[in-house]
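Numbering starts at 1 and runs along the sequence shown.
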Amino acid sequence: MVRAAQADHRVPGLAAALTRVDRPLWTLTVGGSGTERPLDDDTRFRIGSITKTFTAVLVMQCRDDGLLDLDDPVDAHLEVPSHGELTIRRLLSHTSGLQREPHGDVWDTLRAPDLPGLLADLAGAEQVLPPGRRFHYSNLAFALLGHAAARLRGGPWAEVVADRILTPLGLTGTGAEPGPTAAQGYLVDAFSDHARPEPPTDFGAVAPAAQLWGTATDLARWAAFLADPEMVDPQARVLRPSTLDEMRWPATVRDETVWSGGVGLGLLLSPRGGRVMHVGHDGAMPGFLATAYGRRGGGRDTPRGLGCAMLLSSGTAAHALDLVNDLLTVAVEDDPADIAPWLPGEPVPPEYASVLGRWWGEGYEYVFLWRDGALQARGASDPADAPSTVFEPVAGEPDRLRSVTGREVGELLRLTRDADGTVVRLHWATYRFTRGQESFGGG
């Protein structure tokens with residue numbers, strides 16, 4: 001599949017990698033680097049806007065450490081002459097309405113402003129849409145986010161990325177500079193086989209939006225981290241899994257009428273059907289295209305820590321990028337995860353034994369179970385792949401539990417007992433649940 005994509009889309013050099021915790025790392029390079037050094041797994045490519053996912057993680061680290069709130073205006077953390085009222089959340093989710101690029105013709109000149117120039121020119125940037133109106137992609141927004149996070153950490157953006165993300169995750173092939181192993185980027189001529197080298201570019205103060213270089217192996221690991229951080233970073237040195245859950249929740253769709261893609265907090269979301277989501281980002285810079293996605297969902301067939309990346313030394317092969325989704329799908333369909341054997345568990349705690357079984361609420365039947373050490377519930381007619389609701393007891397109150405996943409997440413489940421201690425009624429999100437089907441009036 002990769003060799004066909006390289007040939008069909010005429011890519012001078014292509015590197016692909018796929019990682020999963022239950023199999024050896026898979027890599028393939030096709031073509032050449034465009035330099036005296038051969039193309040191999042250590043070759044760095046420009047990854048463009050995949051950089052935004054690193055900047056988004058920096059911002060969420062600041063939030064988790066109490067340095068900012070997502071609903072803060074950006075001027076609470078970065079002195080700006082204009083647009084300071086736009087919130088961190090809106091900038092992260094591309095719903096701020098801020099124009100796409102910095103003021104000026106940066107793509108004509110390929111000269112990006114330094115930080116003082118970027119901030120000084122911000123007054124000339126347009127608010128092209130009202131905040132929250134719809135998705136509107138903005139490199140300028142992520143430049144502001146990156147410098148706000150770097151200022152809170154007390155260092156330049158590139159150093160903060162290295163210290164707080166690249167080093168902890170062992171992404172030694174990723175950085176803000178091309179380094180000695182970098183590939184040459186090309187514009188492949190539309191009507192001949194000639195490939196013209198693109199000039200090197202430095203994105204200056206817009207670096208938090210698109211500056212990074214990386215290897216396919218690093219980017220596959222990064223994609224797996226975004227999708228399944230418990231497997232890639234079990235000590236949560238970079239980010240808590242719950243924070244990445246928050247980043248992956250769709251904030252908006254990318255198209256009003258074709259809901260084939262969404263945007264979270266700095267992450268692009270690609271639903272694939274069957275409760276499967278690919279999460280990551282694409283990137284493009286002169287002479288380079290890149291894509292990196294991890295896979296979530298799909299039940300027991302999907303292996304843990306599954307991520308894939310493809311890096312291309314061509315700026316004109318965009319149709320090749322969707323192959324990353326095909327590779328993730330084939331990796332599951334042709335080589336599904338091994339099925340772990342079922343093992344007997346501990347007995348149900350006595351205080352919850354009388355909760356188990358069938359209950360009726362709002363005229364519908366639900367089943368309450370004890371699975372994996374927790375009280376769970378699901379609709380009796382739910383499809384097999386629908387997630388169960390999981391409850392956790394409220395500290396010090398065994399008859400009050402909170403939904404932590406699934407239906408009515410965040411809401412309370414209240415248990416009512418008879419004189420013998422048997423649970424005879426439930427209230428979940430204030431709705432009454434009884435052992436028999438009853439009307440709302442109790443009949």
TODO: Might you work through the side-chain contact (heavy atoms from CB on, under 4.5 Å) test for T87 and V74, ending with a clear yes or no?
DONE: CA-CA 6 Å; T87 67; V74 68; over 6 Å; no
TODO: Please determine which of V390, L412, V409 meets the side-chain contact (heavy atoms from CB on, under 4.5 Å) test together with R402.
DONE: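 The single option meeting the side-chain contact (heavy atoms from CB on, under 4.5 Å) with R402 is L412.
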For residues 170-182, tabulate all N or O donor-acceptor pairs below 3.5 Å that involve a side-chain atom, not counting sequence neighbours.
residue, atom, partner, partner atom, Å
T174, OG1, D218, OD2, 2.8
T181, OG1, D42, O, 3.0

[X], [atom1]: over 12 other non-hydrogen atoms inside 6.0 angstrom:
| X | atom1 | result |
| --- | --- | --- |
| Y137 | OH | yes |
| R111 | CZ | no |
| E79 | CD | no |
| Q235 | CD | yes |
| D114 | CG | yes |
| R37 | CZ | yes |

Open item on the list: Run T257 and D255 through side-chain hydrogen bond (donor to acceptor under 3.5 Å, both in side chains) and show every step you take.
Closed with: CA-CA 6 Å; T257 55; D255 186 289; 3.1 Å; yes
Considering only NZ, NE, NH1 and NH2 on the basic side and carboxylate oxygens on the acidic side, decide whether [X] and [Y] come within less than 4.0 Å.
| X | Y | value |
| --- | --- | --- |
| R164 | E159 | no |
| R304 | D22 | no |
| D233 | R221 | no |
| D69 | R89 | no |

Locate the shortest heavy-atom distance separating [X] from [Y]; write the atom from each residue and the value.
| X | Y | answer |
| --- | --- | --- |
| R296 | A227 | NH1-O, 2.5 Å |
| P12 | A195 | CG-CB, 4.3 Å |
| L219 | A309 | CB-CB, 3.5 Å |
| P156 | A150 | C-CB, 4.1 Å |
| A120 | P81 | O-CG, 4.5 Å |
| V206 | P113 | CG2-CD, 4.3 Å |

- [ ] Check the pair I47 / W213 against side-chain contact (heavy atoms from CB on, under 4.5 Å), numbers first and verdict last.
- [x] CA-CA 5 Å; I47 66 171; W213 296 70; 5.9 Å; no
TODO: Show the numbers, then the answer: is there a side-chain contact (heavy atoms from CB on, under 4.5 Å) between E85 and D75?
DONE: CA-CA 7 Å; E85 76 285 356; D75 64 5; 5.8 Å; no
Taking the side chain from [X] and the backbone from [Y], do they hold a donor-acceptor pair closer than 3.5 Å?
| X | Y | value |
| --- | --- | --- |
| Q6 | V11 | yes |
| Q376 | R371 | yes |
| T167 | A162 | yes |
| H281 | G48 | no |
| R46 | P200 | no |
| S403 | T405 | no |
| T51 | L212 | yes |
| Q184 | E198 | yes |
| R275 | G297 | no |
| R44 | A183 | no |

Any side-chain donor-acceptor pair under 3.5 Å between [X] and [Y]?
| X | Y | answer |
| --- | --- | --- |
| D282 | T291 | yes |
| T27 | D41 | yes |
| K52 | S49 | yes |
| R407 | S388 | no |
| S242 | D245 | no |

Look up atom [atom1] in [X] and atom [atom2] in [Y], then write down how far apart they are to the nearest 0.5 Å.
| X | Y | atom1 | atom2 | result |
| --- | --- | --- | --- | --- |
| M60 | L265 | CE | CG | 5.5 Å |
| L92 | R63 | CG | CZ | 10.0 Å |
| D228 | L244 | CG | CG | 10.0 Å |
| S138 | R90 | OG | CZ | 14.0 Å |
| L306 | R23 | CG | CZ | 11.0 Å |
| R248 | L268 | CZ | CG | 14.0 Å |

Can you give me every donor-acceptor pair (side chain of residues 318-333, partner residue at least two apart or in another chain, under 3.5 Å) with its distance?
residue, atom, partner, partner atom, Å
D322, OD1, N325, ND2, 2.7
N325, OD1, H278, ND1, 2.8
T329, OG1, R295, NH1, 3.4
T329, OG1, N325, O, 2.9

Task: is_close_aromatic(Y431, W428), centroid dist under 6.0 Å - done: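 For Y431 and W428, the ring centres are not under 6.0 Å apart.
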Task: Validation row, ring centre W107 to ring centre F203 under 6.0 Å - done: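 Yes, the ring of W107 comes within the 6.0 Å limit of the ring of F203, centre to centre.
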- [ ] Sequence neighbours left out, what passes side chain to side chain donor-acceptor pair (under 3.5 Å) with T243? Give chain and number order.
- [x]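 T243 satisfies side chain to side chain donor-acceptor pair (under 3.5 Å) with D64 once adjacent residues are dropped.
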Open item on the list: Checking D163 now: which residues fulfil side chain to side chain donor-acceptor pair (under 3.5 Å) with it, not counting sequence neighbours?
Closed with: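 Result, side chain to side chain donor-acceptor pair (under 3.5 Å) vs D163: none returned.
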Task: Check against side-chain contact (heavy atoms from CB on, under 4.5 Å), T43 and T29 - done: CA-CA 9 Å; T43 301; T29 59; over 6 Å; no
TODO: If the plane angle is over 60° it's perpendicular, under 30° parallel, otherwise tilted; pick one for W370 and Y352.
DONE: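 Ring orientation, 0 to 90° scale: parallel.
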Task: With E126 via side chain to side chain contact (heavy atoms under 4.5 Å, CB included) - residues at least two apart - done: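 Listed in chain order: Q99, V128.
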TODO: Could I get the full list of side chain to side chain contact (heavy atoms under 4.5 Å, CB included) partners for T252, not counting sequence neighbours?
DONE: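 Applying side chain to side chain contact (heavy atoms under 4.5 Å, CB included) to T252 gives T95, F135, V263.
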Task: Verdict with reasoning, Q61 to R153, per side-chain hydrogen bond (donor to acceptor under 3.5 Å, both in side chains) - done: CA-CA 10 Å; Q61 286 178 342; R153 294 300 185 187; 4.7 Å; no
TODO: Side-chain contact test, heavy atoms from C-beta onward, threshold under 4.5 Å: evaluate it for F45 versus L289 and give yes or no.
DONE: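 They are not in contact (no side-chain heavy atoms under 4.5 Å apart), so the answer is no.
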